[in-house]
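All values below were derived from every heavy atom in this structure, side-chain atoms included, with hydrogens, water molecules and symmetry-related copies excluded.
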Amino acid sequence: MRHGGYEGRDGAAEPAEGPRSSERLLVLALERFGVWLRSSVVCLCGALGVVLADAAEIPLAMSLLVPAVLACGVRLHALRNPLPFRLLWTLDAAVLVLMRGRPERGSRRA
């Protein structure tokens, strides 16, 4: 093996970890930091929603925030302990639905 982690015959050099190892590392980094970013955004937006809610709407805001925060916690836990993809996709869908919130006052749904 030559210096730099490359091994090759006939002068051809390929990474020691195999082809496309950098793409795998990039995907893993995006997956890890994407989960942290999404969790931070959910917590920040949820906290702002609770702070800006009227006194009568605080229970509704908390009922939307708590399950979303729990789903983000499970997703962060899944970074270290792998969980089935069906569960992770279900949690992602739940966070999208919960963070959608309620429509603005005066607007109508078709």
Return a table of donor-acceptor pairs under 3.5 angstrom between the side chains of residues 80-90 and protein atoms on other chains or two or more places apart.
residue : atom : partner : partner atom : Å
Asn81   : ND2  : His77   : NE2          : 3.1
Thr90   : OG1  : Arg86   : O            : 2.7

Quick one: closest heavy-atom pair of Ala56 and Pro59, and the distance?
O-CD, 3.6 Å
Can you measure from CZ (Arg75) to CG (Leu70) and round to the nearest 0.5 angstrom?
15.5 Å
One should read off an interatomic distance between Cys43 SG and Leu65 CG, to the nearest 0.5 angstrom, of 7.0 Å
Point-to-point distance, once rounded to the nearest 0.5 Å, from SG of Cys45 to CG of Leu64
13.0 Å
If two hydrophobic side chains count as joined below 4.5 Å and joins carry through other members, does Ile58 share a cluster with Val69?
yes
Leu60 side chain reached by Ser63 side chain, heavy atoms, under 4.5 Å
yes
Results of side chain to side chain contact (heavy atoms under 4.5 Å, CB included) for Leu76 - residues two or more places apart only
Val35, Trp36, Ser39, Leu79
Where is the tightest heavy-atom contact between Val95 and Ala68, given as atom of each residue plus distance?
CG2-O, 4.1 Å
Quick one, Leu26 and Leu30 - any side-chain contact, counting heavy atoms below 4.5 Å?
yes
